[in-house]
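Numbering starts at 1 and runs along the sequence shown.
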Amino acid sequence: MKRAVIYARYSTDLQNDKSVEDQFRLCQDFAGRLGAKVIKQFSDKAKSGASMFGRPGLADLMTAAERGEFDILITESTDRVSRDIADLAHVHKVLKFRNIEMQCVNGGLMDTVQIGMYGIVGQMQREEGARKVKRGMTGVVRSGRNPGGRAYGYRPISGKKGELEIVEEEATVIRRIFDMYAAGISARTIAKSLNEDGVPAPRGKQWNASTINGNSNRGNGILRNPIYAGQIVWNRVHMVKDPSTGKRVSRINEDSAVETIDAPHLRIVDDKLFQLVRDSKKERTGTAARTAPKNKRLLSGLLRCECGGSLSIIGADRSGPRVQCTVNKESGSCSNDARYYVEKIERDVIDRLRVMFADTSIIDAYVEEYKAESKRIAAERRNSRGNTERALADVQERIGRLLDQVARGTIEEEDVLSMLPPMKAERERLKGELAAQEPPSNVIEIKPKAVTRFREDVESLAEILKERGAEPTVEMARAFRDVISGIIVSRRKPGEAYHYEIKGWLEGITGPALSSVLLVAEEGFEPPTQGL
């Protein structure tokens, strides 16, 4: 008696496990008619048939096939295995190579011709479903209704599908943003002002410059969204699936594919103000602004506030250029509004490094204390990062599943509008957590001769920084950045001394042919005495 396995799948969260159970019963009856013994059942629940990726049941089935654990694959129809012609052909080809039959309740034994025919039909049905959804949404847009998604300043009208109404409290905020930007106030300052006034942000806890500026290609962000000028613009982007990963990625459409419909009832700002802001954005963020030369200092990109935000140049006085926390400037969510002289920080940091590297015994003593603690921290970080990555993969999969349902027209717009925003908010939160975590560490070796070379570079840097305005050589600056990964500047009140925490990579003081002491690298390189 031949050994058989069963594969079942259903596509959306709107279906339930009974769909799989029904398929199993059909296939079990069919196996009885074939005279085969069912030894195992595989299934994928709420998984799209558009790709083989993200379907653990199918992956387990193919692994079992490679091990020669069964002779027949039984499924209700070929589209349960895949609705993509290439994927279906691949599965059939692998099974055929291993002398495994593919039997379908609706179709019988599958040969190459039938696989080609059913694969074309399945893919055409899937693509036609997507086209029907798009045609339906085009009709929604042309009728002056919203095709989906929530824009700040509006809410859906209960009982009127696709229709929006203005939320006057939010509309007042939008007009304030446009007026301030037109008056020459930056998006960062606007965000800070809104946060200080306790104005609720569209998403998340606070306003940011990116919320206001948006993306020029996608036309999003408060200042770029044409809906505020009484126009609904749809179909700026389309989704395609990467065949190598199975992930959906967005692509910007040609201008000819974009639908633009006048919706004067949704106007919040007048045309004159909207155009004035648009022209102003081009001047402030155009090619000339992006390509303008920017001053690079020894610590550029390395200075950070205790809150995690970077410190950037805000101007200069007679004592030299000063830096301030960008999070405080942009959103006001960091309370550190202190200003620091960057040249003083450079001199202080170099002086501290000179002391550190004057005697390598300082590093040796530090290593012994550091190793045990770094191992514990690294283990905790790996566990935390792994949990976050798994949670992010899960929410991305759920978003992809929901978008697949939209493409096939198997879910109502109201359901999408209620389900998608929380998923996106969760995704952004998890991405933020991953971005805030330092990467896993690696074990490297400290090389005494390399330490000596770096000490010489530090001495040279110290001499250069004595002369105001002098610049280190490219080689010295590179050597410095190979070792130092960041300078954390502590909060201070006017008149108080500067305090720092030096973090480093340590790769810059390593070399392959020298004696060594083991040390965990890419962790915070924090000398025993950190305060300056």
Practice problem: Would you indicate whether the side-chain heavy atoms of Met102 and Val91 approach each other to under 4.5 Å? | Solution: yes
Quiz item: Under a 4.5 Å cut-off applied to non-hydrogen side-chain atoms, are Ser312 and Lys329 in contact?
Solution: yes
Exercise. For Asp44 and Tyr7, test the side chains for any donor-to-acceptor distance below 3.5 angstrom and give the result as yes or no.
Key: yes
Practice problem: Taking side chain to side chain donor-acceptor pair (under 3.5 Å) as the test, write out the residues that go with Thr326, two or more places apart. | Solution: Ser310
Exercise. Starting at CG of Asn106, measure out to OG1 of Thr78 and round the result to the nearest 0.5 Å.
Key: 9.0 Å
Self-check item: Under 3.5 Å: donor-acceptor pair, side chain of Gln114, backbone of Asp111
Solution: yes
Self-check item: salt bridge (charged side-chain N to carboxylate O under 4.0 Å, His left out) against Glu196, all qualifying residues, sequence neighbours excluded
Solution: none
Quiz prompt | Counterpart residues, salt bridge (charged side-chain N to carboxylate O under 4.0 Å, His left out), relative to Glu428 (two or more places apart) | solution = none
Quiz item: Taking atom types as modelled, is there a side-chain donor on Gln396 or Asp394 under 3.5 Å from an acceptor on the other?
Solution: no
Quiz item: Passes side chain to side chain contact (heavy atoms under 4.5 Å, CB included), Arg339 versus Ile314? Steps please.
Solution: CA-CA 9 Å; Arg339 301 180 179 187; Ile314 59 168; 3.3 Å; yes
Quiz item: Looking at Arg55 and Ser82, what are the two nearest heavy atoms and their distance?
Solution: NH1-CA, 4.3 Å
Quiz item: Quick one: side-chain contact (heavy atoms from CB on, under 4.5 Å) partners of Lys96, sequence neighbours excluded?
Solution: His92, Thr112
Quiz prompt | Summary of salt bridge (Lys or Arg N to Asp or Glu O under 4.0 Å) pairs that have at least one residue in residues 178-187, sequence neighbours excluded | solution = none
Quiz item: If every non-hydrogen atom of Phe30 is compared with every non-hydrogen atom of Cys104, which pair is closest and at what distance?
Solution: CZ-O, 3.7 Å
Quiz item: Looking at residues at least two apart in the chain, or sitting in another chain, which of them share a side chain to side chain donor-acceptor pair (under 3.5 Å) with Tyr118?
Solution: none
Self-check item: Beyond-backbone contact of Arg491 with Ser335, side-chain heavy atoms, under 4.5 angstrom
Solution: yes
Exercise. Evaluate side chain to side chain contact (heavy atoms under 4.5 Å, CB included) for Val327 paired with Asn336, printing each intermediate quantity in order.
Key: CA-CA 9 Å; Val327 175; Asn336 184 17; over 6 Å; no
Practice problem: Please answer whether the main-chain N or O of Trp207 pairs with a side-chain N or O of Thr211 as donor and acceptor at a distance below 3.5 Å. | Solution: no
Quiz prompt | Any donor-acceptor N/O pair, Arg9 side chain to Arg80 backbone, under 3.5 Å | solution = yes
Practice problem: Just jot down the side chain to side chain donor-acceptor pair (under 3.5 Å) partners of Arg176, sequence neighbours excluded, or say none. | Solution: Ser193, Asp197
Practice problem: Output the distance between atom CG (Leu311) and atom CD1 (Ile488), rounded to the nearest 0.5 Å. | Solution: 8.5 Å
Quiz item: Roughly how far, to the nearest 0.5 Å, is the CG atom of Leu303 from the CD1 atom of Ile313?
Solution: 8.5 Å
Quiz item: Which atoms form the tightest heavy-atom contact between Ala338 and Gln324, and what is the distance?
Solution: O-CG, 3.7 Å
Quiz item: Gln41: what forms a side-chain contact (heavy atoms from CB on, under 4.5 Å) with it, not counting sequence neighbours?
Solution: Ile6, Phe24, Gln28, Val38
Practice problem: Would you please name every residue forming a side chain to side chain donor-acceptor pair (under 3.5 Å) with Thr189, sequence neighbours left out? | Solution: Ser186
Quiz item: What pair of heavy atoms forms the shortest contact from Leu273 to Asp270, and how long is it?
Solution: N-OD1, 2.7 Å
Quiz prompt | Atom of Val20, atom of Lys45 and distance for their closest heavy-atom approach | solution = CG2-CG, 4.1 Å
Quiz item: Between atom CZ of Phe274 and atom CG of Leu223, what is the distance when rounded to the nearest 0.5 Å?
Solution: 8.5 Å
Practice problem: For Tyr340, enumerate each residue passing the ring-ring contact (aromatic ring centres under 6.0 Å, His included) test, keeping only those at least two apart in sequence or located in another chain. | Solution: Tyr498
Show me, pair by pair, the donor-acceptor contacts under 3.5 angstrom made by side chains of residues 151-158, not counting sequence neighbours?
from	atom 1	to	atom 2	distance (Å)
Tyr154	OH	Ile227	O	3.1
Tyr154	OH	Leu266	O	2.5
Arg155	NE	Glu165	OE2	2.8

Quiz item: Got a second to check how far Ile115's CD1 is from Ile120's CD1, nearest 0.5 Å?
Solution: 11.5 Å
Quiz item: Taking atom types as modelled, is there a side-chain donor on Ser210 or Asn208 under 3.5 Å from an acceptor on the other?
Solution: no
Self-check item: Straight-line distance of Ile232 CD1 to Asp262 CG, nearest 0.5 Å
Solution: 9.5 Å
Self-check item: Arg267 bridged to Asp271 by N-O distance under 4.0 Å
Solution: yes
Exercise. Could you walk me through whether Gln23 and Ser43 pass side chain to side chain contact (heavy atoms under 4.5 Å, CB included), step by step?
Key: CA-CA 10 Å; Gln23 293 176 51; Ser43 66; over 6 Å; no
Quiz item: Of all heavy-atom pairs between Tyr341 and Asp317, which one has the smallest distance, and what is that distance?
Solution: OH-OD2, 2.6 Å
Exercise. List in chain and number order the residues that pass salt bridge (charged side-chain N to carboxylate O under 4.0 Å, His left out) with Glu76, two or more places apart in sequence or in another chain; answer none if no residue qualifies.
Key: none
Quiz item: With the threshold set at 4.0 Å, does a side-chain nitrogen-carboxylate oxygen contact exist between Glu168 and Arg175?
Solution: yes
Quiz prompt | Working for side chain to side chain contact (heavy atoms under 4.5 Å, CB included), residues Arg427 and Leu392 | solution = CA-CA 6 Å; Arg427 180 183 65 184; Leu392 178 59; 3.8 Å; yes
Quiz item: So, do Val277 and Val269 sit near enough that their side-chain heavy atoms are less than 4.5 Å apart?
Solution: no
Quiz item: With side chains defined as the heavy atoms from C-beta onward, is the minimum distance between Gln206 and Pro200 less than 4.5 Å?
Solution: no
Quiz item: Heavy atoms, side chains only, cut-off 4.5 Å: are Cys27 and Val105 in contact?
Solution: yes
